[in-house]
Amino acid sequence: MSNWYQLDVAEVLHRLGSEASWGLSTPEASHRLEKYGFNELIEPGLKQSWQILWEQLSETLVIILIAAAVISALLGDYKDGLGIIAIILLITFLGFSQEYRAQKAIANLKQLSAPNVKVRRDGRVQEISARRLVPGDIVLIEAEDIVPADCRLLSISGLRTQEAALTGAAEPVDKNIQRLTNSEVMLGDRHNMVYMQTIVTYGRGEAVVTETGMQTELGHITNMIQTVEPELTPLQKRLDVLGRWLAIASFALVGIILALGLLRGEEIKLMFLTAITLVVAALPEGLPAVVSIALALGAQQMLKRRALIRNLPAVETLGSVTTICSGKTGTLTENRMVVTVLDVAGRRLDLAAHMRWASPVVDPSQASPFLLSQPPALALLLAGATLCNNARLEPDWEEPRYFRAVGDPIENALVMAAAHQGLWKGELEQTMPRVGELLSDFERQRMTTIHQLPTALAEISCALETVWHWHREIGETAPYIAFTKGRIKSLLDVSSQVWVDGCAEELNEVRREQILTAYHQLTQNGLRVLGLSFRLWQSLDIAEIEQDLIFIGLVGMNDPARPEVRDAVLLCKQAGIRPVMITGDHPLTAQYIAQEVGIATGDFILTSNDLSHLSPEALGNLVEEVSVYARISPEHKFNIVQFLQRRRHIVAMTGDGANDAPALKKADIGIAMGINGTDVAREAADMVLLDDNFATIVAAVKEGRIIYDNIRKFIKYILSSNVGELCVMLLAPFLGMPLPLLPLQILWINITTDGLPALALGVEPAERDTMNRPPHPPHENIFGRGMGRDIIWIGLLMSFVSLVTGYLYWRSSNPGWQTILFTTVTLSQMGNALAIRSERDSLWQIGLLSNKPILAAVILTLVLQLAVIYLPVLQNIFATVALSPLDLGVSLILSTLVFWGVELKKWLMRRRHF
């Protein structure tokens, strides 16, 4: 059952067949272990090597290449077959090695170890492995413990747990043991329950295990992940469609050319060999290799920027993203509480300008006590909040000269704020040692500590100096001072005075209303607000200490936004990408952070409660408008991503908690945090941010766009060149010409032009407008935006120039006509490669040397072509003849017409846009 929170303690124990004072007997525990199994999550393991290999070999283009290699071998064209096999091996190696290494890296990140847990069995407390827990076990938990299973609380003492990884709420949750009567209580509001892998930050308690393993809330999330079927990325879909169409078109054209050749009386064996060679020439067999290499290089670039790509297509998918759904805690924020506002009667101090205040560590030699120039009550507020506090300062593990707070996140924030002002907890406690305490609980919602006052003014802290003078003036000689911190309404209930200008005044209705107004103003800004009161005390009796207190002021704190996030969000919007916050946190907190980082400007927020009352049609319409979702359950996160995808969005989902995992898996690309992220989230993600830096996503988006642009450039280059070759072979018979290109010449063009120049296009630098434009339509045809038209006219121009040149030399009975045509086709493709490096800018604008690999590839291709023409051994192989300088010059000049044609088209495009 899942409604344990609706039952009282006695009913829970009865249903589980357990006793709080005895627990389970050892035989009964063993029986239940056999029945329910080990308390562990069943997660899918790493893919087997053969599975990764099969995925690489089952791509459409790769299958076509395998078929082409087999046919080549059957026809005796072993060189061609071996060349294709080499390309297949390269493609497979790149894809296999990247995914295999990514899986190993994830395995290294995953550090699951079942901790030991204190459990009461047979009436005594013992330690066992958390794996061996069963429903009905009585467990004992305390601060810094990881909750080992889902449990119903039986008894507590100031218990507080951090549930951000499960619910998304940044603040620790105060617990109680009272049953809840409402049947629809959100996970984060079930205060009498604790959940697997959440962390105890304060207090202690006893609980009975209600669910273990896959039956826990974390187990349900894990199960949701495993039911989500992975989808092909936009690039994979486009290339799959491209492969099928190219196969159909290529075989159709080659069939026509084969028929025409046979009708002309060409030798059957030669025409069959030519046909299979043309199949290879027509198919962009280098495309999978270039795509894999481009993606692998992109993955390497991202790894340098601390982002681990788990599978290669994820790099390009980022470039197609239209919406980024981000969690708040730990993703947009730092996942730690920081004091931002101090408020005492008559004065509020906003600490946003004091950046050092928000640092997670403090250097004792660089404390900045600017509060010394402020009203003394502000220093008293911080000093009291530090003394009434169980957090401690410890040397930082990375830099021992710095100190950081260890304990409950809220108490950590108070201690750190005081330390930055030179109010060190250790020194304060040495001067005023704690002699008594009353821990917080859910009903009172406040904590009190009693401290011994020094006997001499010289020993007193400057923060307490005004209190010292005041209590001497009124004739009191109390040896103790008590500080009480807690929720505002709880403190006001037990306070009768308020501290104003160094004196205690009556807490009348006017004063009370002023305090409540200040409290509401702070909470409207998304802050967690605590109050502090004090009183002088004559004895160590704590029975009635929490009454007639003197209210000092308010402390406002929040989980601050990461400093780099605002710029990253603005860049996303500039790039036409819509950021959306989806969090389990409080709506006011979510709204404040969303506005601070620039995700939202309005106040329209939806919660899970709102979503549960919306029809699927209404939600489908709202997802285009809503930018902030708060108090969202894992199921609703999943649904939001799903509805965005139905609206044809390419969705990236960032997150670090287990509650994010189903949406991470469902999204087109899931992005998990590597440092603060849970193992469940990392397993579900396509990419892991090793530095948990939201700005890294923006860099990944840019990298993805560069890669997709370069893949389009390569496709345009290779297909326009292939169209040129096919048109030469198709049109020559209509001019009465013999076979214009021999099979080995076609293969040579195929190897030289589809090889290094094409690969060099894969590393072309970013276009100048890469991040200044919206993402291209996610479901656009790969030939969209005029690329199909460009392929046809460039191919026709290339074939026209080559064919006309060859035809004129053939008609003049020049024995080198075929060599001239062969050379013109080859070098025209080099001009094509240089010209299409940019969609709009000329070669001179982007710089001839801005992509040195392609310049080197063009020069090398030219040298190799000259070798084929002039070296006797290669002349015999490729049936070429040495060209005269004049003929070579004619071929070189005419081959540049393709380059100038593309440059002219880009010039007209630029002129039209200006």
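Quick caveat, the model's predicted, so the values are computed rather than measured. Start at 1 with the first residue, then count along the sequence. Only heavy atoms go into these numbers, but all of them, side chains included; no hydrogens, no water, no symmetry mates.
Ion pairing between Asp408 and Arg160 holds under the 4.0 Å rule for side-chain N and carboxylate O. A salt bridge between Arg535 and Glu546 is absent, with no side-chain N of the basic residue lying under 4.0 Å from a carboxylate O of the acidic one. For the pair Glu211 and Arg152, the salt-bridge criterion is not met [side-chain N within less than 4.0 Å of a carboxylate O]. Between Arg487 and Asp174 there is a salt bridge, with a side-chain nitrogen of the basic residue lying less than 4.0 Å from a carboxylate oxygen of the acidic one. Look at Glu11 and Arg179 and you find no salt bridge, because none of the NZ, NE, NH1 or NH2 atoms lies under 4.0 Å from a carboxylate O. Electrostatic pairing of Glu411 and Lys485 counts as a salt bridge here, judged by a charged N lying under 4.0 Å from a carboxylate O. A salt bridge does not link Arg566 with Glu596: none of the charged nitrogens is closer than 4.0 Å to a carboxylate oxygen. No salt bridge links Glu19 with Arg120; every basic N to acidic carboxylate O contact stays at or beyond 4.0 Å.
Atom CD1 of Ile545 is separated from atom CG of Leu438 by 8.0 Å, given to the nearest 0.5 angstrom. Distance check: Asp493 CG to Gln547 CD gives 13.0 Å after rounding to the nearest 0.5 Å. Atom OH of residue Tyr5 and atom OG1 of residue Thr181 lie 10.5 Å apart, to the nearest 0.5 angstrom. Note that NZ of Lys489 and CZ of Arg512 are 11.5 Å apart. Values are rounded to the nearest 0.5 Å. The CG atom of Asp189 sits 9.5 Å away from the CG atom of Asn182 when rounded to the nearest 0.5 Å. One distance of note links CH2 of Trp424 with CD of Glu429; it measures 13.5 Å at 0.5 Å rounding.
The aromatic rings of Phe483 and Phe534 lie tilted to each other, with the angle between the two planes from 30° to 60°.
Here the side chain of Ser608 pairs a donor or acceptor atom with the backbone of Arg631 at under 3.5 angstrom. Side-chain atoms of Asn389 come within 3.5 Å of backbone atoms of Ala391 as a donor-acceptor pair (strictly under, hydrogens ignored). Counting only distance, with no hydrogens or angles, the side chain of Thr431 and the backbone of Glu427 share a donor-acceptor pair below 3.5 Å. With Ser490 contributing its side chain and Arg444 its backbone, the two residues share a donor-acceptor pair below 3.5 Å. Panel note: side chain Asp137, backbone Gly23; no donor-acceptor pair is recorded below 3.5 Å. Judged by distance alone, with hydrogens and angles left aside, the side-chain atoms of Asn508 form a donor-acceptor pair with the main-chain N or O of Arg511 at under 3.5 Å. A donor-acceptor pair under 3.5 Å is absent between the side-chain atoms of Ser18 and the main chain of Leu13, judged by distance alone. Distance alone, capped at 3.5 Å, is enough to place a donor-acceptor pair between the His451 side chain and the Met432 backbone.
Counting heavy atoms from C-beta on, the side chains of Ile593 and Met581 come closer than 4.5 Å. You'll find the side chain of Arg446 stays beyond 4.5 Å of the side chain of Ser440, heavy atoms only. Leu380 has its side chain within reach of Trp499: a pair of non-hydrogen atoms, C-beta onward, lies under 4.5 Å apart. For the pair Thr583 and Tyr629, the minimum side-chain heavy-atom distance is 4.5 Å or more. For the pair Thr448/Cys388, no side-chain contact is recorded, criterion being any heavy-atom separation below 4.5 Å from C-beta on. Residues Leu522 and Arg348 have side chains in contact (heavy-atom distance under 4.5 Å, counting atoms from C-beta outward). Between Leu507 and Ile550 the shortest side-chain heavy-atom distance does not fall below 4.5 Å. At least one side-chain heavy atom of Gln421 sits under 4.5 Å from a side-chain heavy atom of Leu382.
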| task | Show your working on side chain to side chain contact (heavy atoms under 4.5 Å, CB included) between Thr161 and Ile199 and close with a plain yes or no. | result | CA-CA 5 Å; Thr161 62; Ile199 301 171; over 6 Å; no
| Between Glu163 and Arg190, is a salt bridge (Lys or Arg N to Asp or Glu O under 4.0 Å) present by the stated rule, with each step listed? | CA-CA 11 Å; Glu163 299 179 349; Arg190 298 174 188 175; over 6 Å; no
| request: Determine, stepwise, if the pair Asn558 / Tyr592 fulfils side chain to side chain contact (heavy atoms under 4.5 Å, CB included). | output: CA-CA 10 Å; Asn558 70 353; Tyr592 178 80; 3.6 Å; yes
| task | Run the numbers on Val139 and Val209 for side chain to side chain contact (heavy atoms under 4.5 Å, CB included), then give the verdict. | result | CA-CA 7 Å; Val139 296; Val209 175; 3.9 Å; yes
| query | Given the rule in the side chain to side chain contact (heavy atoms under 4.5 Å, CB included) test, do Lys328 and Asp559 qualify, once you have shown the distances and angles that lead to the verdict? | reply | CA-CA 9 Å; Lys328 180 186 75 68; Asp559 180 11; 4.1 Å; yes
| Are Arg404 and Glu394 close enough, and set up right, to give a salt bridge (Lys or Arg N to Asp or Glu O under 4.0 Å), and what steps lead you there? | CA-CA 6 Å; Arg404 65 170 63 241; Glu394 292 184 352; over 6 Å; no
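Tested against Leu154 for a side-chain contact (heavy atoms from CB on, under 4.5 Å), the candidates Val9, Ile177, Asn192 yield a single pass: Val9.
Atom CD of Glu544 sits in a sparse spot, with 12 or fewer heavy atoms from other residues, nucleotides or ligands closer than 6.0 Å. The 12-atom threshold is not exceeded at CZ of Arg204, counting heavy atoms of other residues, nucleotides or ligands nearer than 6.0 Å. More than 12 heavy atoms of other residues, nucleotides or ligands shown are found within 6.0 angstrom of CD on Glu127.
The heavy-atom pair separating Thr607 from Ile632 by the smallest distance is C-CD1, 3.7 Å. Smallest separation of non-hydrogen atoms from Ile542 and Ile450: CG2-CD1, 3.2 Å. The shortest heavy-atom contact between Leu530 and Ile488 is C-CD1, 3.6 Å. Between Met337 and Pro409, the shortest heavy-atom distance links the atoms CB-O, 3.7 Å. Taking all atoms of both residues into account, the shortest heavy-atom contact from Ile605 to Pro587 is CD1-O, 3.4 Å. In terms of heavy-atom proximity, Met416 sits nearest to Phe403 at CE-O, 4.0 Å.
In this model, no donor atom of one side chain and acceptor atom of the other lie less than 3.5 Å apart for Ser533 and Thr484. Side-chain N/O atoms of Asn412 and Arg392 include no donor and acceptor closer than 3.5 Å.
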